[in-house]
Amino acid sequence: MDVRERLSRLRLMGPPIGQCAVGAALAWLVAKDLLGHSRPFFAPIAVVVCIGVGLGQRLRRVVELVVGVSLGVGVGDLLVSWIGSGAWQIALVVALAMVVAVVLDSGSLIVLQAGSSAVLVATLLPPTGTGGIDRMLDALVGGLMGLAAVALLPASPKALATRHAMGMFDALAGALRAIAEAIEKSDSALAAEALEAARGSQTSVEEFKQALETSREIATISPLYRHRRTRLGGYEKAAVPLDHALRNSRVLARRAIVALDGSSGLPPWLPGTLRALADATTLLRDDLAAGRSPERAGAAIMAVASRQSAERWGFSADVMIAQVRSITVDLLQATGTEREEAVAALPPLDVSGERESSGGT
């Protein structure tokens, strides 16, 4: 990762880092000065766990955090006050706390917090009169302060979704252009490179899904952005179809390798169609980033669909044509077009037989 990528990542993670810092300080002050807890370290820890520096389900994290800490502290206080502290007592306390957490909920955060809280109670914080309740309150304060920080110091949900969507759009457009170049040059090695690059795009897909989920969450929690949730609509419609299009591009690249290695005949219009789809993908990216209705992108994809030939060229070519058709449908759905309408935009396949001039498989 070069310096530019590191700085870009830092800009992306800046808001969560700021939220963690401010929220942790506020949680400490509330628990110490308002609730009177002498060492409320669970409160700032809860903020960091709740917000994190990644993208995820913060509302669920708060619930899991409080439940996990409560289980760990409750089991720990009960057992340590009865059996004392020591190596085997720690093993028993941790095991029982995590077993109860797993039985109640499979969430990993609940289990981890139950185990770690039990360890703290069994070692550093032996039970006192109200110690268990105080620690539960600290976890609750930290969770609430974390949500408050997200609500009052939010990242822009639209900007967050846009930044992560760029990777998906660029990966798809790049794969289509690389496959087109491989076909034009009859170079299976280029097709293999395109496949390798497309395989690496799954990370962008997962990051975008998490970013979109976090954007929805911010728009729900924060009063500053609640009225702007509708601006995420374009990305919500495009998320699944874009994932499908990227998957289909990998299949297309794999088949291109086979076709080019076997000197199979391929339609002369195929590279131009792939480049036109790549251009339409970029147009859709720009439309959604600008908050525009993707009508231009939809029209461009429709134009590509109408120009696709339905002739048969042999097995490998036919598989590639089928994948191009699937990618076209995926992109149309990403613009908000219904699947039936998207499929109907394609010319019907020629089922009369293969072209005699085809090189076959």
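Heavy-atom basis, side chains included; hydrogens, waters and symmetry copies ignored. Along the sequence shown, residues carry numbers from 1.
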Discussion item. Working note: Thr273 + Val304, criterion side-chain contact (heavy atoms from CB on, under 4.5 Å); need CA distance, chi angles, decisive distance, verdict.
Written reply: CA-CA 7 Å; Thr273 296; Val304 176; 3.7 Å; yes
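- Members clustered with Val240: none, using a 4.5 Å side-chain heavy-atom cutoff among hydrophobic residues.
- The distance from the CZ atom of Arg292 to the CG atom of Asp286 is 7.0 Å, given to the nearest 0.5 Å.
- A continuous path of Ile, Leu, Val, Met, Phe, Trp and Tyr side chains, each step under 4.5 Å between heavy atoms, connects Leu266 with Leu274, placing both in one hydrophobic cluster.
- Residues Gln210 and Glu206 have side chains that never bring a donor and an acceptor to within less than 3.5 angstrom of each other.
- Going from atom CZ of Phe208 over to atom OG1 of Thr203 covers 15.0 Å, rounded to the nearest 0.5 Å.
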For residues 176-186, dump all side-chain donor-acceptor pairs below 3.5 Å to protein atoms at least two apart in sequence or in another chain.
residue, atom, partner, partner atom, Å
Arg177, NH2, Asp279, OD1, 2.9
Glu181, OE2, Lys185, NZ, 2.8
Glu184, OE1, Arg275, NH1, 3.0
Glu184, OE1, Arg275, NH2, 3.1
Glu184, OE2, Arg275, NH1, 2.8

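- Counting only heavy atoms from C-beta outward, the side chains of Pro40 and Leu35 never approach each other to under 4.5 Å.
- In terms of heavy-atom proximity, Leu260 sits nearest to Asp187 at CD1-O, 3.6 Å.
- The shortest side-chain heavy-atom distance between Leu332 and Arg339 does not fall under the 4.5 Å cut-off.
- Side-chain N or O atoms of Thr328 include none that pairs as donor or acceptor with a backbone N or O of Ala305 at under 3.5 Å.
- At least one donor-acceptor pair under 3.5 Å links the side chain of Arg325 to the backbone N or O of Pro347.
- With sequence neighbours left out, the side chain to side chain contact (heavy atoms under 4.5 Å, CB included) criterion links Leu92 to Ile83, Trp88, Leu96.
- The backbone N or O of Met320 sits nowhere less than 3.5 Å from a side-chain atom of Arg255 that would complete a donor-acceptor pair.
- The two residues Gly23 and Met145 come nearest to each other via the heavy atoms O-CB, 4.0 Å.
- Contact detail for Leu246 and Ser201: the closest heavy-atom pair is CD2-OG, 3.7 Å.
- Across Leu283 and Ala300, no two heavy atoms sit closer than the pair CD2-CB, 4.3 Å.
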